[in-house]
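Some notes on the structure that comes next.
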Amino acid sequence: MKTYNYNLKDKTLEASINLNQFKNSKNILIQIFCGEGEEKLKEITNALLINLPQSIIIGTTTDGEIKDKKISILNTVLSISIFDKTEILASYADGKNSFDNGYNLAKKIVTKDTKLLILFADGTSTNGENFLKGIEAFDNSVPICGGMAGDNGKFIQTFVSYQNILIKNGAVGVSLNSDYLKVHNDYRFNWSPIGIEHTIDKVEDNRVYSINGMLPIDFYAKYLGEDVASTLPSTGIEFPLISEKDGFQIARAIIAKHKDGSISFAGNLQKGDKVKLGFGNAELIMQNPIESFDKNSSIKPETFFLYSCMARRRYMPNFIQVEVEPFAKIAPTSGFFTYAEFFHYNNKNLLLNQTLTIIALTEEPTKISKMCFLPESLQKNEHSRVIRALTHLIQQSTKDYDEQTKKLNQEKQYSHDLLSAQKQFLRHTVHETNTPLSSIMWNIELHEMEFGKNRYLTNIEVAMKNLFSIYDDLSYLIKKDQIIYTKQQIDLVDYTRTRIDFFSQVAIKAHSRLIFQTSQNQKIINFNETKLQRIIDNNLTNAIKYSFENEDIYIIILETKNHYKLQFTSHSTLIQDPKKVFEEYYREEKIKEGFGLGLNLVKRICDEEEVEIDLESNKNFTTFTYHFKKD
C-alpha cells in the first residue's frame, strides 16, 4: 500500500494534486480532514468523485489537521491511500439513536476479513460512547480507529461525509478487508490527575448535574476560576475529569454547558464515579512517542493515521508537533484533531479524550528497525525544558500530596476502627450494667419495706440514683443513632413531678429542697419521653450538684401563648462562660464529679426538637428555661 498526503489550503484540488496518477488504481481510500467548514468539505468531495469515481471517500470537519510532520488549523488535508491486497467497504448512518447508528453501520461494512474500521462521527449530537457500544454489540473483535468531528472549538455544528453525502447528525465508516493487511494500534494519554478525588452525584449519560454536591459549572469555577468557567467549553477542555475503569485511565472533556449549570462531556459518566481534574503532563508529552510503539509493534508501517484530541494541540500549540515528527520520519502520516478519539482494547471499544491514538498499516510483513530519536522541534529548545521542569514539579507535588493523603486516610481508618471498638465496648458495658443496677435498687426498696429506712441505705439509694442518671445518659448516647424516638402525648406537669420525686432524696442528701410550682394541673406536649427525661434529669442533677447548701431549687412551669416554659432556678456560683456550658466535656468547677456531657446532650436534643433554651446567671441565681411548643 501507499499513502499520499496533500495540503489544500488556499488551493484548488486540481492545482494541488496530479489526479491522473490514480486513474487506474482500484482500492482507493480518501480521507478528508477539513478545518475550513462544510462547504469546503462538500466542494472537495464533489471534485474528487468527478475525477476518481472509483474511490471511497470519507471526511470530517476538524479542530486542526495533521500532514506528515506539520500541524495546521483552518486548513484541509487530503490523505489518499492505495491498497494492493485490501478491499474497502464504506457506508453511513444518520438515525437519532447513537447506539443503533453504530450497530447498523457495523452491520453494513463488517465482514469475516475485516481488519480495521475507520469511523468518523459528528461531534455535537452523537453520543460517542453509545455509538461505539453499538459497533461492539455487532462485533467486538474488530479494531477501530477515528474520532468525533470538530468545528474549530466552537461546539456549534460539526459534519462528517460519505461520498457526496454530508451528515450533521450521524456517522460514517470504512472497513478494510484483507488476509494480508497488518494493523497495529496504540495510544498516548500523558494527562495526569491532580488534587483531591471528587464524586459524580447526578448524571444522565454524558450530562452531569452534580459533582460533590455542586453544580458542575460552580465546580469548574471553584477549581479553575470564574474566567474559565464563564467561557466553557471553548476554554477548560485542557482540564478534563479523569477516572479509572478496569485499570484504564479515562478522561472526559467538556463539550457543552447548559443554562441550568449542568455540563455535557464527550463520553458517559456514571453516578458514584470517582474523578479527579487532570492536566497535560508536558514532560511525558514531549518524550519520544515512537519508543512505546517500537516496543509493541511487530510490523513495518507503510502508513500512519493519527487521531488526536483537540486539547493536546490547544494545551501545547508550540510543541504538539513533537508527537507527529517521529511517525512522519518512518511513513506517510496524516490525521486530525478530534472532539473524542475511538480506540479498541481487549475486545472493547473505548471513547477516549485527551489522547493521541495511532494506527499503523502495512501490507508487507517486514518488521520496522528500531528508531528512537528526539524530535527536531525539541532539540536545543530552552522553553521546552522549562515547561517539562514545571510539569515535573506539579507531578511530584501531586505525588507527595497523594502519599500524605494515603497516610491520613490510614490514620483516619485507624481512628474510626478505634472509635467503633470504643462504642462497642460502651454498648456492652451499658447493657451489662443495667441488670446489677436494677437489682441493687430493687433490693434497697425491699429492705426498706421490711426493715424501714436507715441512713446507710439512704446514702446508697442516693448514689444509685446518680448512677442511674449517668447510665440513662450513656444509654441514650449509644442508642440515639440506631433507634427512632417517636413522639407521644405527655403531661409536662405530671412527668416533671415524677422526676422531681425520683431525685428528691438526692436533693435532701445535698441539703437542698426541690420546690415545684405550676399554674395548672395539666399541660400537654407532643414529645418523646426518653428525650424529655434527659432534659429534666440533667437539669435536676446539675442544680443539685452546683447549688449552695441549704438553698432551695425551684422548678417552675409557666405558660405563654404558644409555649410552655420549664424553668430550673438555683442559687449557685455565677456561670463565667454561659456559651461553653453546652459544649461537650466542659465543666466550670473541675472539682465536681461528672463527665461534662449532660448539658451538651440536652442542647443536642433541644436542637433536634426545636426547643429554645434561655440561660440567665448572676450572683443571686442561675436559671435554665426551656420553651416547649404547645400541642
Provide the closest heavy-atom pair for [X] versus [Y] in the form atom of the first, atom of the second, distance.
X      : Y      : answer
Tyr209 : Leu215 : O-CD2, 3.8 Å
Thr231 : Lys257 : N-NZ, 4.1 Å
Pro233 : Ile254 : CB-CG2, 3.6 Å
Ile88  : Leu176 : CG1-CD2, 4.1 Å
Gly170 : Asn101 : CA-ND2, 4.1 Å
Leu361 : Met1   : CB-SD, 3.8 Å

Q | Sidechain N-carboxylate O distance under 4.0 Å for Glu323, Arg312 | A |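 Salt bridge between Glu323 and Arg312, a charged N being under 4.0 Å from a carboxylate O: yes.
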Within the side chain of [X], is there an N or O that forms a donor-acceptor pair under 3.5 Å with the backbone of [Y]?
X      : Y      : answer
Thr355 : Phe189 : no
Asn7   : Val77  : no
Asn140 : Lys348 : no
Ser161 : Gly59  : yes
Glu65  : Asn75  : yes
Lys85  : Tyr180 : no
Asp151 : Gln157 : yes
Asp201 : Asn212 : yes
Gln354 : Pro240 : no
Asn97  : Phe99  : yes

Does the side chain of [Y] come within less than 4.5 Å of [X]'s, by heavy atoms?
X      : Y      : value
Ile66  : Phe336 : no
Arg252 : Leu269 : yes
His344 : Asn185 : yes
Val174 : Leu117 : no
Asp273 : Gln270 : yes
Thr126 : Asn169 : no
Leu48  : Leu13  : yes

Would you say [atom1] of [X] has more than 12 non-hydrogen atoms from neighbouring residues, nucleotides or ligands within 6.0 angstrom?
X      : atom1 : answer
Lys9   : NZ    : yes
Glu204 : CD    : no
Phe219 : CZ    : yes
Gln249 : CD    : yes

Q: On the 0 to 90° scale, with breaks at 30° and 60°, tag the Phe343-Tyr345 ring pair as parallel, tilted or perpendicular.
A: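 Taking Tyr345 first and then Phe343, their aromatic rings lie parallel (interplane angle under 30°).
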Q) Parallel, tilted or perpendicular: which fits the ring planes of Phe131 and Phe342, with parallel below 30° and perpendicular above 60°? A)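 Aromatic pair Phe131/Phe342 classed tilted.
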So, [X] versus [Y]: side-chain donor-acceptor pair below 3.5 Å or not?
X      : Y      : answer
Asn5   : Ser79  : yes
Lys274 : Ser243 : no
Glu341 : Thr357 : no
Asn206 : Asn268 : no
Thr333 : Asp68  : no
Ser81  : Thr3   : yes
Thr114 : Asn177 : yes
Asn130 : Ser98  : no

Q: Decide yes or no on side chain to side chain donor-acceptor pair (under 3.5 Å) for Glu363 and Thr86, but give the supporting numbers first.
A: CA-CA 8 Å; Glu363 290 178 317; Thr86 300; 2.7 Å; yes
(Q) Run the ring pair (Phe, Tyr, Trp, His ring centres under 6.0 Å) test on Tyr307 and Phe337 for me, step by step, so that the C-alpha distance in whole Å, both residues' side-chain angles and the decisive distance to 0.1 Å come before the verdict. (A) CA-CA 6 Å; Tyr307 307 103; Phe337 289 92; over 10 Å; no
Q: Show your reasoning for whether ring pair (Phe, Tyr, Trp, His ring centres under 6.0 Å) applies to Tyr223 and His198.
A: CA-CA 12 Å; Tyr223 289 101; His198 309 280; 5.0 Å; yes
Q) Would you say the ring centroid of Tyr220 lies under 6.0 angstrom from that of Phe239? A) no
Q) Mind checking whether Tyr315 and Trp191 have ring centres under 6.0 Å apart? A)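 Centroid distance Tyr315-Trp191: below 6.0 Å, so yes.
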(Q) Enumerate the salt bridge (Lys or Arg N to Asp or Glu O under 4.0 Å) contacts for residues 93-113, please, sequence neighbours excluded, ordered by first and then second residue. (A) none
Q: Could you check Asp63 against Arg314 for salt bridge (charged side-chain N to carboxylate O under 4.0 Å, His left out), going step by step and ending with a plain yes or no?
A: CA-CA 9 Å; Asp63 190 63; Arg314 290 172 177 266; 2.8 Å; yes
Q | Inter- and intrachain pairs under side-chain hydrogen bond (donor to acceptor under 3.5 Å, both in side chains), touching residues 46-58, at least two apart | A | none
Q: Sort and list the pairs that fulfil side-chain hydrogen bond (donor to acceptor under 3.5 Å, both in side chains) and have at least one residue in residues 258-267, not counting sequence neighbours.
A: Arg207-Asp260, Arg207-Ser262, His258-Ser264, Asp260-Ser262
(Q) So, applying side chain to side chain contact (heavy atoms under 4.5 Å, CB included) with Leu119, which one of Val172, Leu105, Val160 is it? (A) Leu105
Q | Test applied, side chain to side chain contact (heavy atoms under 4.5 Å, CB included); reference residue, Leu29; option that passes from Ile118, Ile80, Thr303 | A |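 Answer after filtering Ile118, Ile80, Thr303: Ile118.
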Q) Once you round to the nearest 0.5 Å, how far does CG of Leu356 lie from CG of Asp186? A)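 Rounded to the nearest 0.5 Å, the CG-CG separation comes out at 8.5 Å.
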Q. Is the NZ or CZ atom of Lys168 positioned over Phe159's six-membered ring, under 6.0 angstrom from the centre and within 45° of the axis?
A.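 That pair does not qualify as a cation-pi contact.
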